[in-house]
Amino acid sequence: MTNSEIAKTLRDIAAVYSIKDEKKHYFQIAAYQRAADTLERLTIEASDLFVQGRLREIKGVGQTIAGYIEEMVKTGKVKHFEELKKTVPPAVFPLLNIPKIGPKTAFKLVSVLKLKRAENVVEELEKKAKKGEIAAIEGFGEKSQSDILRAIEEYYRGKTKTRRMVFPFALEIAERVVSYLKKCPEAKQVEILGSLRRKAETVGDIDIAVASDQPQKVLAWFGKYPEKERVIEVGDATSSILTSGQRQVDVMVQPSGAFGSLLQHFTGSKAHNIHLRTYAQSKGLSLSEYGIKSSKQITVNRKQLIANKKLLYQFSKETDFYEAIGLQWIAPEMREDTGEIELAIKHKLPDLVELKDIKGDLHTHSSFNIEPSHDLGANTIGEMAKKAENLGYKYLGLAEHNPSITAHNNNQIYDLLCRRNMVIEKINTSNTNITLFKLLEVDIQADGNLALDDKILELLDGAIVSIHSSFRLEKDEMTKRILKGLSHPKARILGHPTGRLLNERPGIEADWPDIFEFCQKNNKALEINSWPYRLDLPDTMVREAVKMGVKMVIDTDSHASDQMDVMRYGVYTARRGWATKENILNTLPPDMFRKWLENK
DNA sequence: GCCGTTTTCGGCCCGACTGTTTTCAGTCG
């Protein structure tokens, strides 16, 4: 039972309550949706949290929902939910995946058009729409009929409510839109916001804010974006378009003087904003993208509000907005409502690690051919060193995959590594700007032994140990395997610990609290692998590691010199896990890092 | 159904936009 499956079930239940009696169940519905929201974004499986007795630690999961999740994990379903779902036609649920179709619309369509079977309800609905049967329903018209047809078409082509892209892919789209918007003469300032600004590992849609005194002109400009497929909607201050790649881009415009509150609002997360606004309310203040007003004042429409500055306090800078409600400014990466607001009230937020703190990359693969078991890098050791120098690093770890152990005997492997070490030493003596470390990425075999024997490992300053095979061991066996691999004195870093690939492969199953405890006690480090499809450790696990005092390193796993630029993604992940400089070993100066590496 | 520096009861963020409507319901972020 995965988190997204659990979330889907909770959303279905929220939909059932909406259909039955939305007013009566208003807050219950919100509660189910809130729990689903957090579950979808969680990078730890709820089923694991259940085993550890920690379900209640999930935001928005209280006694009741925790009980339902427990039942789901144990039996695959929830009796109470099964009963509830029987009260609405089954064909309602598949329609909820289609954009712009919510519970009410789905129920009305299914009931009036007598759509019986859940399996083919989308196709049936499409047929009826083409026959003009939707337009004939009361409350619908020609326009809503064609909108539904288009939504179905886009749904077939991959636009659903939950499809997410990996961060750099979304960033690339966003940057193209930004450079286009910046050419608009009326746009004074353009910023990427939303989950992109929070540096979330995956991104749903793209949010951009523009400062301008002429929103209409900016929105008209946006509507002519060359890569757009269509304009989804356009209003006084906001607009959404669909790109040719079926990605949604939302733009909001505010005058420069109110830009600070817009940045805050549009950065989110939703949960962060709700908590922030609830807190402000307790102080008699009402927060929105327009600024801060006293919640006791009569609500007037937006244009009046903006015209009458006495009613509304506006902010050009985001820091001022937070300050006005007595809070420390919160780094966007932390804005997930996982305790950051409480700390900001006390002005005790951690000082997060930054890219400029990084003194070296430790996990890089050169093209020096040690005949490895996995892929070789594309650039020479010298080229990698040069790139590291250009990045301002003080040290660089060469960590090619270990030589294939099926294709060589120990003497051959020994010789291969001696040859590589000579090249490294030559650079170390001739170039005083950078220190190269003799590392290696060594496989932890299925039995927990390292792929190389002790005599060979002695040639190294240290080893990054990783799993590259047998991903599907039982949890206990996997945990023992990792602990055994890490126990070797030369094993210093656990590479891409979970082995997950975003949108492709889930991580391995292991007893992470045990592994974290072992690392903390034995001075081993966990890697935060910056490769955008890995981001491994995931942010929530970084947070756990920080809490337990486990040291980490941020690496790129580069197989070419230009790939060393992805370091920033690892830093983002570390920041989302609330890591400070002190938690990250490769912020240390070279001599101190060497001491750690040699376990002194 | 969740949650707590005001609370274990009584509240629960705030707003945009569209289509089908003459004042609002539904969806979305």
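Quick caveat, the model's predicted, so the values are computed rather than measured. We name chains A, B, ... by the order of the sequence lines, and we start the count at 1 in each one.
Nucleic acid contact for A/L287: sugar-phosphate only, since backbone atoms but no base atoms lie under 4.0 Å from a heavy atom of the residue. Across all strands, A/I65 comes closer than 4.0 Å only to sugar-phosphate atoms, never to a base (heavy-atom distances).
When the nucleotides B/dT5, B/dC14, B/dC2 are ranked by their closest atom to the side chain of A/R34, B/dC2 comes out on top. Between B/dG1, B/dG15, B/dG19, one nucleotide has an atom nearer to the side chain of A/Y32 than all others, and that is B/dG1. Relative to the side chain of A/T238, the nucleotides B/dC2, B/dC12, B/dA16 differ in distance, and B/dA16 lies closest. Nearest nucleotide to the side chain of A/S286, out of B/dG15, B/dC14, B/dT18: B/dC14.
Atom P of nucleotide B/dC14 and atom CD of A/Q33 are separated by 18 Å, given to the nearest angstrom. Rounding to whole angstrom units, CD1 of residue A/I29 and C1' of B/dC12 are separated by 13 Å. Summarising the geometry, the separation between CG on A/L55 and C1' on B/dC2 is reported as 15 Å, rounded to the nearest angstrom. When the C1' atom of B/dC2 is taken as reference, atom CG of A/D337 falls 12 Å away, rounded to whole Å. Whole-Å rounding puts the A/I134 CD1 to B/dG19 P distance at 15 Å. We find that CG of A/L276 is positioned 12 Å from P of B/dC13, with the value rounded to whole Å. Taking atom CD of residue A/Q281 and atom C1' of nucleotide B/dG11, one finds them 9 Å apart after rounding to whole Å. In this structure, A/H275 places its NE2 atom 19 Å from P of B/dG11, rounding to the nearest Å.
Rounded to the nearest Å, the gap between the P atom of B/dC14 and that of B/dT20 is 31 Å. Straight-line distance between the C1' atoms of B/dC17 and B/dT6: roughly 37 Å, to the nearest whole Å. Taking atom P on both B/dT5 and B/dG1, the two are 23 Å apart, rounded to the nearest angstrom. With both ends at atom P, the span from B/dT22 to B/dC13 equals 30 Å, rounded to whole Å. Taking atom C1' on both B/dT18 and B/dT23, the two are 15 Å apart, rounded to the nearest angstrom. Comparing the P positions of B/dG15 and B/dG10 gives an interatomic distance of 27 Å, to the nearest angstrom.
Residue A/Y26 places none of its side-chain N or O atoms closer than 4.0 Å to OP1 or OP2 of B/dC2. Contact check, A/S144 against B/dT20: a side-chain N or O comes under 4.0 Å of OP1 or OP2.
The one candidate from A/L263, A/T267, A/L181 that meets the side chain to side chain contact (heavy atoms under 4.5 Å, CB included) condition with A/E191 is A/L263. Each of A/K100, A/R163, A/K159, A/R230 was compared with A/E154 under the salt bridge (charged side-chain N to carboxylate O under 4.0 Å, His left out) criterion, and only A/R230 meets it. Screening A/I208, A/I206, A/I241, A/V190 for a side chain to side chain contact (heavy atoms under 4.5 Å, CB included) with A/V177, the sole residue that qualifies is A/I208.
Mapping A/A31 and A/I232 onto DNA chain B by nearest heavy atom places A/A31 at the nucleotide closer to the 5' end. Where A/S282 and A/T278 each meet DNA chain B at their nearest nucleotide, the meeting point lying more 5' is that of A/S282.
In this structure a side-chain-to-backbone donor-acceptor pair under 3.5 Å is present from A/Y180 to A/W221. Under the 3.5 Å distance criterion, the side-chain polar atoms of A/S195 are left unmatched by any main-chain donor or acceptor of A/R198. One N or O on the side chain of A/T75 and one on the backbone of A/E71 form a donor-acceptor pair closer than 3.5 Å.
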What's the verdict on salt bridge (Lys or Arg N to Asp or Glu O under 4.0 Å) for A/E336 and A/R576, showing C-alpha distance, side-chain angles and the deciding distance?
CA-CA 9 Å; A/E336 300 291 348; A/R576 285 181 59 82; 3.1 Å; yes
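Evaluation of the salt bridge (charged side-chain N to carboxylate O under 4.0 Å, His left out) test over residues 217-228 of chain A, restricted to residues two or more places apart or in two chains, returns A/R176-A/E227.
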Per-nt protein contacts along nucleotides 23-29 of chain B (heavy atom under 4.0 Å; B base, S backbone sugar-phosphate only, - none) come out as ---SSSB
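Within 6.0 Å of atom OH in A/Y156, more than 12 heavy atoms from other residues, nucleotides or ligands are found, so the atom counts as buried in its surroundings.
Of the residues in residues 320-335 of chain A, none lies under 4.0 Å from DNA chain B by heavy-atom distance.
You cannot call A/F27 stacked on the base of B/dC2; the centres under 5.5 Å and planes under 30° rule is not satisfied.
Judged purely by distance below 3.5 Å, without hydrogens or angles, the side chains of A/T9 and A/D12 never pair a donor atom with an acceptor atom. No side-chain donor from either of A/R335 and A/H275 sits under 3.5 Å from a side-chain acceptor of the other.
Nucleotide B/dT8 is matched to nothing when pairs are restricted to Watson-Crick or G-U wobble geometry with both distances under 3.5 angstrom.
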